[in-house]
Amino acid sequence: MSTAIFYDRHGGVDVLRAGDEPVPAPGEGELVVANRAVGVNPADVKKLAGRFGGDDELPQVLGFEAAGVVEAVGEGVDGFSVGDEVVWSGTGAQRERSLVKAAKARLKPANVPFDQAAVLPVAASAAFSALVQAGVGAQDVVLVHGASGGVGSAAVQIARALGARVVGTASERNLDYVRDLGATPVAYGPGLVDAVRALADGLADVTAVVDTVGSAETVGQTVELLGAVGLERDGTPRAVTLVESEESLAAGIASKVSQKGALAEVLALAEAGLLTAEISARFPLAEAAQAVELVAGGHVRGKVVLEV
Ligand SMILES: NC(=O)c1ccc[n+]([C@@H]2O[C@H](COP(=O)([O-])OP(=O)(O)OC[C@H]3O[C@@H](n4cnc5c(N)ncnc54)[C@H](OP(=O)(O)O)[C@@H]3O)[C@@H](O)[C@H]2O)c1
């Protein structure tokens with residue numbers, strides 16, 4: 001048998017329970033991966049609450065990303081062998097062993113630890129996608145709303161790797177962390193626009209925005225800061241949000257679309273030492289509820305992982 005964290009109805013973390021299930025057998029195009037580390041994301045909180053639609057067959061298992069070791073390989077799979085270390089995206093990652101579509105797995109670079117690899121498919125891939133969508137390059141000053149979180153901390157590092165200069169917003173307690181990531185930090189809140197406009201060395205002239213927060217406040221600040229530049233240039237959005245809302249749509253801010261190949265790109269950046277996640281909390285798989293609850297609070301620095 002193999003352990004997994006199940007939920008039998010939608011709700012809060014109190015509905016999560018550890019249980020056993022049979023060891024899966026891989027179908028055509030599938031791998032069985034013995035997970036070593038599982039990333040925890042706000043998407044887990046939303047899925048648990050039923051915000052991704054109520055059509056799930058219950059019980060379900062949370063978790064959209066993990067890294068581990070291939071234990072079995074199904075028919076028709078090329079490029080993977082038993083014993084390979086891989087990172088994958090999909091659903092149902094909060095388990096000892098997951099059935100994984102081989103097309104959604106990548107070989108893990110040897111120098112990237114399991115916990116670092118496990119947090120790349122969701123947050124870092126989304127950060128990469130948003131920056132590419134906004135056409136960010138060396139000429140840009142990018143403002144990242146929520147630069148201390150999972151997506152934001154990756155966005156700062158990826159934008160720097162693309163050659164851009166970055167202004168990152170966070171709470172007071174995370175300003176030094178954002179500076180260490182390579183951005184100029186500014187405290188979020190009502191004074192944000194004035195604080196950015198007071199920055200020296202051209203940093204006041206923000207040319208692109210990635211919003212990982214999506215509040216009415218950040219939407220308004222984005223519109224103000226991009227006033228002269230506009231929200232779009234030559235058909236390319238200059239602001240991209242990870243959190244679509246009535247306000248972002250009304251303001252004309254583009255919602256993130258997924259970029260094919262983003263996981264391969266962020267894996268390459270991690271392998272090159274240009275992208276690292278601060279793993280600010282680790283929990284054993286059996287304590288998944290505590291991990292999800294921490295992430296639900298919305299103030300995690302970097303990432304939270306489950307160790308299997
Ligand atoms: N569309 C997609 O494909 C996609 C992919 C990944 C994530 N997302 C979404 O993107 C959002 C962020 O995800 P994440 O993993 O980065 O979350 P996270 O790790 O919880 O980060 C949240 C960030 O928001 C900041 N924050 C909290 N309250 C704020 C406020 N009032 N004003 C400004 N900033 C505030 C936090 O800063 P402090 O900790 O310093 O307070 C932190 O930097 C979530 O809604 C997630 O579901 C979407």
Side-chain angles (χ1 to χ4, degrees), residues 38-49 51-52 62-65 89-91 118-134 143-158 166-181 183 185-193 195-196 209-222 225 237 239-245 247-249 253-260 262-263 266 275 277-281 291-305:
V38 181
V40 185
N41 290 285
D44 294 311
V45 180
K46 296 176 188 178
K47 186 178 180 193
L48 183 61
R51 285 172 56 190
F52 289 171
L62 294 177
F64 292 93
E65 58 182 1
S89 65
T91 54
V119 300
L120 294 173
V122 176
S125 296
F128 178 86
S129 298
L131 290 161
V132 170
Q133 194 178 337
L143 180 119
V144 177
H145 287 292
S148 53
V151 178
S153 60
V156 171
Q157 296 171 77
I158 297 167
V166 186
V167 178
T169 82
S171 57
E172 291 286 347
R173 74 182 177 94
N174 281 326
L175 295 180
D176 286 344
Y177 169 62
V178 169
R179 185 178 290 108
D180 290 346
L181 289 170
V186 176
Y188 61 63
L192 175 65
V193 170
V196 173
V209 173
V210 171
D211 188 351
T212 79
V213 179
S215 64
E217 183 176 56
T218 59
V219 167
Q221 290 163 340
T222 296
L225 286 167
V240 174
T241 185
L242 278 290
V243 192
E244 186 180 281
S245 65
E247 288 89 355
S248 70
L249 290 169
I253 292 174
S255 303
K256 191 223 78 173
V257 294
S258 290
Q259 305 288 328
K260 210 166 182 266
L263 177 56
V266 294
L275 177 61
E278 174 159 329
I279 311 292
S280 60
V292 175
E293 189 167 34
L294 182 60
V295 169
H299 297 284
V300 161
R301 178 187 293 185
K303 294 297 304 177
V304 172
V305 297

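Since the structure is predicted, the reported quantities are computational estimates derived from the model, not experimental observations. Excluded from the calculations below are hydrogen atoms, water molecules and symmetry mates; all remaining heavy atoms, backbone and side chain alike, are included. Every number for a ligand or one of its atoms is a count from 1 in the order of the listing.
Taking each heavy atom of Gly214 and Ser245 in turn, the nearest pair found is O-OG, 4.0 Å. Of all heavy-atom pairs between Gln133 and Val257, the closest is OE1-N, 2.8 Å. Closest approach of Leu275 to Gln157, counting heavy atoms only: CA-OE1, 3.4 Å.
No side-chain donor from either of Ser171 and His299 sits under 3.5 Å from a side-chain acceptor of the other.
Heavy atoms of His299 found under 4.0 angstrom from ligand 1 belong to the backbone as well as the side chain. Neither the backbone nor the side chain of Glu244 comes within contact range of ligand 1; no heavy atom lies under 4.0 Å.
The nearest non-hydrogen atom to atom 21 (O) of ligand 1, considering only Pro42, Gly149, Ala43, Ala296, comes from Gly149. Across the listed options Ala124, Gly150, Ala127, Ser215, Gly150 owns the non-hydrogen atom lying nearest to atom 19 (O) of ligand 1. In this structure, of Val243, Thr218, Val213, the residue bringing a heavy atom nearest to atom 24 (O) of ligand 1 is Val213. Considering each of Asn174, Val240, Asn41, Leu242, the one bringing a non-hydrogen atom nearest atom 8 (N) of ligand 1 is Leu242.
Short contacts between ligand 1 and Arg173, defined as distances under 4.0 Å to a heavy atom of the residue, involve ligand atoms 39 (O).
Closest protein heavy atom to atom 37 (O) of ligand 1: Ser148 OG, 3.2 Å. Here the protein heavy atom with the shortest distance to atom 16 (O) of ligand 1 is Val151 N, 2.8 Å. Summary of contacts: the protein heavy atom closest to atom 40 (O) of ligand 1 is Ser171 OG, 2.6 Å. Distance from atom 47 (O) of ligand 1 to its nearest protein heavy atom, with residue and atom name: Lys46 NZ, 2.7 Å. The shortest contact between atom 3 (O) of ligand 1 and any protein heavy atom is with Lys256 NZ, 2.7 Å. The protein non-hydrogen atom at the shortest distance from atom 26 (N) of ligand 1 is Tyr188 CE2, 3.7 Å. Of the protein's non-hydrogen atoms, Ala126 CB, 3.5 Å is the one closest to atom 5 (C) of ligand 1. Nearest protein heavy-atom contact of atom 12 (C) of ligand 1 is Thr212 O, 3.1 Å.
Residue Val305 forms a side-chain contact (heavy atoms from CB on, under 4.5 Å) with just one option from Val38, Val40, Val119, and that option is Val119.
Under the 4.5 Å side-chain criterion, counting only non-hydrogen atoms from C-beta, Leu192 is in contact with Val196. Side chains of Leu263 and Val266 form a contact here, defined as non-hydrogen atoms less than 4.5 Å apart. For the pair Val243 and Asp211, the minimum side-chain heavy-atom distance is 4.5 Å or more.
For Glu278, the salt bridge (charged side-chain N to carboxylate O under 4.0 Å, His left out) partners are Arg301, not counting sequence neighbours.
Leu131 contributes atom CG, which lies 10.0 Å from atom CD of Gln259 (distance to the nearest 0.5 angstrom).
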